[in-house]
Amino acid sequence: MSAPLTFLADDERLFRDTVYEFADREVRPLVRKMDEEARVPRELIDRLFELGFMGIEIQDSQGGGGASFFHAVLAVESLSRVDPSIGVLVDVQNTLVINALLRWGSEAVRQRYLPRLAADTVGAYALSEAGSGSDAFAMTTRAAQSDGCWTLSGRKLWITNANEASLFIVFATVDPAAGYRGVTAFLVERGFPGFTVGHKEDKLGIRASSTCELILDGCRVPADNVLGEVGKGYKTAIETLNEGRIGIGAQMVGLSQGALDHAVRYVKERKQFGKPIGEFQAVQHQLARAATEVEAARLMVYNAARLRDARQPFLNEAAMCKLFSSEVAERVTSLAVNLFGGYGFVKDYPVEKLYRDAKIGQIYEGTSNLQLQTIAKQILG
Ligand SMILES: Cc1cc2nc3c(=O)[nH]c(=O)nc-3n(C[C@H](O)[C@H](O)[C@H](O)COP(=O)(O)OP(=O)(O)OC[C@H]3O[C@@H](n4cnc5c(N)ncnc54)[C@H](O)[C@@H]3O)c2cc1C
């Protein structure tokens, strides 16, 4: 008989609980300061590496966890329940960067970079530019070949983890006239000549997660640092982002659950009209609806991740789970703010931050309109 969707195998349950206990014990006390200072302390990142959360799918012989994509999704969900900024740091590392290397890296590339990514190297994924977001393949960053090297010139914008990362997957075109067929993925190390991390954005939410510009000013990249094939970067981008979206779905589910946890606790404590506000049926029904939505979003995310691990088609399910879970996150965090009343609006209480953090789910890794476009294409043929 097939297992129910939310049934976790022993190792999955243990892993999820370990991640959540770590987040609750070691991340929670830092959340407000990280949000205010808009940074993640390196010591916390080192802990993420020590505990194996930064190389979940990398095989054990290369220092990784040898686990599944589903485990990565559980990690992102559990971390995001406490802090969606830490959730996305781990998400980009696992579901985009490592995922792309595992799938598209040559043997030499995998040997060179996967042990580092499992040990201490943060990765980033650089597709977007100022003029090309949803229309990502209209990028203007150029790659030209000379003296057995590639030279990259241009700018990337909005790059998550850029401040902490030492390895960047950078997409550039080798031939703008070829459209998407010119797009190629390169592995760029922070120390390569001509590469700099530029302006860091000052954001509404997920403030501790760094989002920066990358400047490629004649950046020299060795020929064997092409990831996949020249001109096939569009495939790498499309396929990794399809998987990455499930991770963002997990971030939004974790975030929603975190807001719900706070709200449930608060309504039992806060008294008005002589009794806890959680005893008013109107409040109970609002919470019941929110819990139902979070459960539905989680089922969608888990199903998409399980399909991916089972090598079944999951394009539609990934788009749907990101679309839905990011909308749920906005609704549930808004409800949490409402239920906290005035206290929900101030920074001494945790829910206003989750409300701010929720908004990004409808924007990155394909806006909600782009997810709708993908789903519409699937259903209309
Ligand atoms: C905090 C943050 C982190 C990010 N991290 C990364 C990262 O690590 N790597 C990376 O490469 N990028 C990253 N991004 C970029 C992100 O993926 C883009 O912002 C996103 O894809 C949208 O692109 P855009 O901002 O250019 O908006 P636009 O594409 O200009 O979209 C603007 C509006 O127009 C709508 N729209 C556009 N085209 C259509 C259409 N055809 N039909 C209907 N509506 C349409 C959109 O839905 C949106 O509402 C990040 C962004 C943010 C804010």
Side-chain angles (χ1 to χ4, degrees), residues 35 38-40 76 80 83-100 122-141 152 154-165 167-173 180 183-186 188 197-216 227 233-234 236-245 247-249 251-252 255 319 322-323 326-327 329-330 353 356-377 380:
D35 185 59
R39 61 178 285 273
V40 179
V76 174
S80 302
D83 189 4
S85 286
I86 301 300
V88 75
L89 191 154
V90 168
D91 175 69
V92 168
Q93 176 86 357
N94 286 285
T95 74
L96 292 182
V97 177
I98 291 171
N99 196 7
V122 176
Y125 185 92
L127 179 66
S128 305
E129 299 181 1
S132 60
S134 301
D135 189 10
F137 299 144
M139 66 184 63
T140 59
T141 297
L152 269 54
R155 283 172 185 234
K156 293 285 167 183
L157 201 63
W158 313 118
I159 308 311
T160 300
N161 289 355
N163 224 21
E164 299 79 21
L167 182 67
F168 298 78
I169 298 179
V170 176
F171 293 87
T173 177
Y180 71 90
V183 174
T184 305
F186 296 89
V188 178
V197 175
H199 174 72
K200 177 167 165 264
E201 304 296 338
D202 188 5
K203 306 195 297 294
L204 170 74
I206 55 161
R207 291 177 52 77
S209 158
S210 67
T211 311
C212 309
E213 182 185 28
L214 305 183
I215 301 157
L216 298 130
L227 178 64
Y234 70 94
T236 308
I238 289 171
E239 292 189 11
T240 43
L241 285 171
N242 283 344
E243 299 181 341
R245 266 167 213 146
I248 300 305
Q251 182 199 28
M252 292 295 123
L255 186 162
K322 179 183 181 280
L323 174 77
S326 58
E327 289 176 355
E330 186 171 348
K353 174 186 176 291
R356 289 186 281 110
D357 288 349
K359 196 66 213 170
I360 192 59
Q362 296 176 41
I363 300 171
Y364 59 14
E365 297 202 27
T367 64
S368 290
N369 274 357
L370 270 284
Q371 306 310 320
L372 288 168
Q373 203 173 68
T374 300
I375 299 160
K377 231 185 245 170
L380 295 171

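The structure presented is a predicted model; accordingly, all values stated were derived computationally and were not measured. Order of listing sets the numbers, starting from 1, for every ligand and every atom in it.
- Formation of a donor-acceptor pair under 3.5 Å by the Glu243 side chain with backbone atoms of Thr95 is not found in this model.
- Put simply, the side chain of Asp91 never gets that close to the backbone of Gly87: no donor and acceptor are under 3.5 Å apart.
- Using a 4.0 Å cut-off between heavy atoms, Thr211 contacts ligand 1 through its side chain alone, with no backbone atom that close.
- By the 4.0 Å heavy-atom criterion, Ile159 is counted among the residues contacting ligand 1.
- Listed for the Gln251 side chain is no donor-acceptor partner under 3.5 Å among the backbone atoms of Ser80.
- In this structure a side-chain-to-backbone donor-acceptor pair under 3.5 Å is missing from Lys203 to Ile360.
- Taking atom 49 (O) of ligand 1 as the reference point, the nearest protein heavy-atom neighbour is Asn369 ND2, 4.5 Å.
- For the pair Asp135 and ligand 1, the shortest N or O to N or O distance does not fall below 3.5 Å.
- Residue Gln373 touches ligand 1 through its side chain alone, judged by heavy-atom distances below 4.0 Å.
- Of the heavy atoms in Thr160, both backbone and side-chain atoms come closer than 4.0 Å to ligand 1.
- A donor-acceptor pair is defined here as one N or O able to donate and one able to accept, closer than 3.5 Å; no such pair exists between the side chain of Lys359 and the backbone of Glu330.
- Selection from Ser134, Ser368, Ala165 by nearest heavy atom to atom 38 (N) of ligand 1 gives Ser134.
- Not one N or O on the side chain of Asn161 forms a donor-acceptor pair closer than 3.5 Å with the backbone of Ala124.
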(request) For Phe186 and Phe168, run ring-ring contact (aromatic ring centres under 6.0 Å, His included): C-alpha distance rounded to whole Å, both residues' side-chain angles, the deciding distance at 0.1 Å, then the answer. (result) CA-CA 8 Å; Phe186 296 89; Phe168 298 78; over 10 Å; no
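- Shortest contact from atom 26 (O) of ligand 1 to any protein heavy atom: Gly133 CA, 3.2 Å.
- Of the N or O atoms in Ser132, none lie within a sub-3.5 Å distance of an N or O in ligand 1.
- Distance check for atom 34 (O) of ligand 1: every protein heavy atom is found at 4.0 Å or beyond.
- Atom 17 (O) of ligand 1 has Glu365 N, 3.6 Å as its closest protein atom, hydrogens excluded (heavy atom only).
- Closest protein heavy atom to atom 13 (C) of ligand 1: Trp158 O, 3.0 Å.
- Counting only heavy atoms of the protein, atom 20 (C) of ligand 1 lies nearest to Ile363 O, 3.6 Å.
- Distance check for atom 30 (O) of ligand 1: every protein heavy atom is found at 4.0 Å or beyond.
- Between Ala126 and ligand 1, a contact under 3.5 Å exists for no N or O pair.
- Each of Val92, Thr211, Ile206 was compared with Tyr364 under the side-chain contact (heavy atoms from CB on, under 4.5 Å) criterion, and only Ile206 meets it.
- One finds a salt bridge joining Arg207 and Asp202 here, because a Lys/Arg side-chain nitrogen approaches an Asp/Glu carboxylate oxygen to under 4.0 Å.
- Of the protein's non-hydrogen atoms, Thr367 OG1, 3.5 Å is the one closest to atom 46 (C) of ligand 1.
- Relative orientation of the Tyr180 and Tyr234 rings is perpendicular, given thresholds of 30° and 60° on the angle between their planes.
- Salt bridge annotation for Glu129-Arg155: absent, with no cationic side-chain nitrogen under 4.0 angstrom from a carboxylate oxygen.
- Looking at Lys203 against ligand 1, only its side chain comes within 4.0 Å, counting heavy atoms.
- Under 4.0 angstrom from ligand 1, the non-hydrogen atoms of Ile360 all belong to its side chain.
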